[in-house]
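Accompanying notes for the structure given below.
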Amino acid sequence: MTATLTIEGLKVAIGAANVLRGVSLEVQPGEVRGLVGESGAGKSMLGRAVLGLLPANASVTAGRIAFEGRDLLAMQEAERRNLLGRRIALIPQDPMTSLNPVKRIGGQIGNLLRHHLGLSKRAALMRATDLLNEVAIREPKRVLSLYPHEISGGMRQRVLIAMAFACDPALVIADEPTTALDVTVQRQVLQLVERLRLRHGSAVLFVTHDLGVVAKICRSMTVLHAGRVLEEGETANVLVRPRHAYTRALLAATPRADRPAEALRPVPPDLTDQLWSEAHRLDQVPAAGAA
Amino acid sequence: MRWGELIRRLVLVPPTLFGVAVIVFVLLRIVPGDPIAMMIPPGASEADIGRLRALYGLDQPILQQFATWLGQVASGDFGRSISVRQNVLELLLARLPATIELALVATIIAVLLGVVAALVGILLRGRRAEWVVDGGIGVLLAIPDFLWALILLLLFGVLIPLLPISGRVDPEIDLNLHSNFFLIESILTGHFDIAFALLHHMILPALALALPFAALVARLLKASLAESEDQDYAQVARARGYSRPSILLHEVFPNALIPTVALGGVQVTLLLGGTVLVERIFSYEGIGNMAIDAVINRDFPLIQGLVLAFAVMFIALNLLVDLVVTMLDPRLRHG
Ligand SMILES: Nc1ncnc2c1ncn2[C@@H]1O[C@H](COP(=O)(O)OP(=O)(O)OP(=O)(O)O)[C@@H](O)[C@H]1O
Ligand SMILES: [Mg+2]
């Protein structure tokens, strides 16, 4: 069976700085893969590379990204746009800023449905109502007529999740979809993602720095640091028998129900420093070889 | 802007106008030179001058003069122009429409040019051609409207005489209109030949007023477009597979319009101020042109009326801008 997402040896540079240093990763159909790592590890860049949303000054210097076997980087622009939002969807990090502030919720969902599914205005409206029902928004008809600033952050994230799953995507990239929300809302949003991906049969690449979340919803996981994959595998295996010192440190830094809070130890700065200098040394290797 | 705010602003209009009136009234009488000095023939006797001053009430203390004038204005009488010897209100009503129409045509040209330039510029964002657009905007912005007036006059009036360079309309045309809004009335009543003749005369002064303002609109809008395009919602729209032109037009433009109208709309007052010199250069019979004569002749009643007319236009414009911004931004409507 072809993997839903295949990334091979992906290198991304911003100016002279390497952000991804040869990342490989696979997401199988229907699989939820956690992508964890500290801030600045390159998690968002990886997601943006898949969506073709790298910043203007960033470039892919090596590697391959394939969606259902088709090379996304070699693809025609129009063909790629046809996949985005329909077969590959994004749940953004910040619901407060990810909806257009001057357009009604209904218009924003309706546009998407009309664009990708070719629905009529009326059919789109009805489908939008269904979608809001699906993410447990009460009075969906009323919410459709509201502007984003008139609903809460949790509601906005529900709307964004509804939009992500609206066209039955094969792959959903969720970039820390709960970090901007408060704890109780976080849990509801996680359950929602879990329910919707099951119903729509989507695979999810779930970006987070919370191992607790990974343990709860991800079947497999990839640990990223300084643009390198340090460890990957089935979540159960990685969390029980972490092979890399960094993963062990991450685990020690994660609060758990069966452990007193005093036992928490932050990731030692020595370790991250060592990993960063290792990464920078790797950057020098090809240059040294060429010289 | 909600109703409460609108009412508050309307209530503030009379005191604002009163303040403007006080300042103009006092300033005119403090600075040296008065209308009598401009109208007396050489060799007039002191007694004659005294009698003239008394005739126009200029021998009274300033406070007394102001009270008298305010009383008249309150009953709709702005006095008589000293130099033109006509009722000031009638003069204003005859000339104001010409200026409003000129400013309107100039604003329309400026907005069209500015929006197109901003959209082209943003489409070329990050490419070398973006510099050409930015450079062009910079040049337009650096040359003030009265210089554009002279340049256009020389170019299309003298060097390649394509367009008329003076007046509002050819004297031989029989207008036969009811209002002084010649252009608007002729368009509304379907007299397009007259409208065309009017526009023919208007195009050069309007262009002179429009070019710097177009550059201003372009710069404001382009900056707002760039800022909005970097916002999350525009990025997320890209992740939904919309094309860049479509995102710029449907997602980014409605957002970028809000700061552009808020900041640029108020700048139409600059364009209105520009009519003074530009109308003069093209002998266009609006209130700007009339203002220069009024100042040269120290025509106190006319100057006072003109300044109030400009003040009313500025206030109305500011209100209009706030109303439009409220219409564009749902966050302001619901608070
Ligand atoms: N627009 C940009 N220009 C230059 N460098 C950038 C830009 N965006 C990100 N970077 C750099 O790229 C690296 C990876 O950033 P990325 O946003 O992918 O990290 P992340 O793992 O998502 O972190 P976080 O958990 O904070 O979201 C970081 O070192 C960051 O400094
Ligand atoms: Mg990130």
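Computed over heavy atoms, backbone and side chain alike; hydrogens, waters and symmetry mates excluded. Everything numeric here is computed off the predicted structure, so don't read it as measured data.
- The pair Asp71(A)-Arg80(A) does not count as a salt bridge, with every side-chain nitrogen at least 4.0 angstrom from each carboxylate oxygen.
- Highest contact tally toward chain B, considering only Lys103(A), Arg104(A), Gln108(A), is held by Lys103(A) [criterion: heavy-atom pairs under 4.5 Å].
- With values rounded to the nearest 0.5 angstrom, Ile184(B) atom CD1 is found 6.0 Å from Leu104(B) atom CG.
- Of the charged side-chain nitrogens involved, none lies within less than 4.0 Å of a carboxylate oxygen, so that Lys43(A) and Asp175(A) do not count as a salt-bridged pair.
- Taking the six-membered ring where tryptophan is involved, the planes of His149(A) and Tyr147(A) are essentially parallel, since the angle between them stays under 30° and well short of 60°.
- Here Asn100(A) is the residue among Asn57(A), Leu160(A), Asn100(A) with the most heavy-atom pairs under 4.5 Å with chain B.
- The most heavy-atom pairs under 4.5 Å with chain B, out of Leu112(A), Ile173(A), Asn111(A), come from Leu112(A).
- The candidate with the highest count of non-hydrogen atom pairs below 4.5 Å against chain A, out of Ala237(B), Ala239(B), Ser246(B), is Ala239(B).
- Between Ile88(A) and Leu5(A) the shortest side-chain heavy-atom distance does not fall below 4.5 Å.
- Top candidate by heavy-atom pairs under 4.5 Å with chain B, chosen from Pro92(A), Gly85(A), Gly52(A), is Gly85(A).
- Per-residue counts of heavy-atom pairs under 4.5 Å with chain B were compared for Asp94(A), Leu99(A), Val102(A), Leu51(A); the largest is that of Val102(A).
- With respect to the salt-bridge test (charged N to carboxylate O, under 4.0 angstrom), the residues Glu130(B) and Arg127(B) do not qualify.
- Annotation: maximal heavy-atom pairing with chain B below 4.5 Å, among Ala56(A), Pro101(A), Pro55(A), Ala164(A), occurs at Pro101(A).
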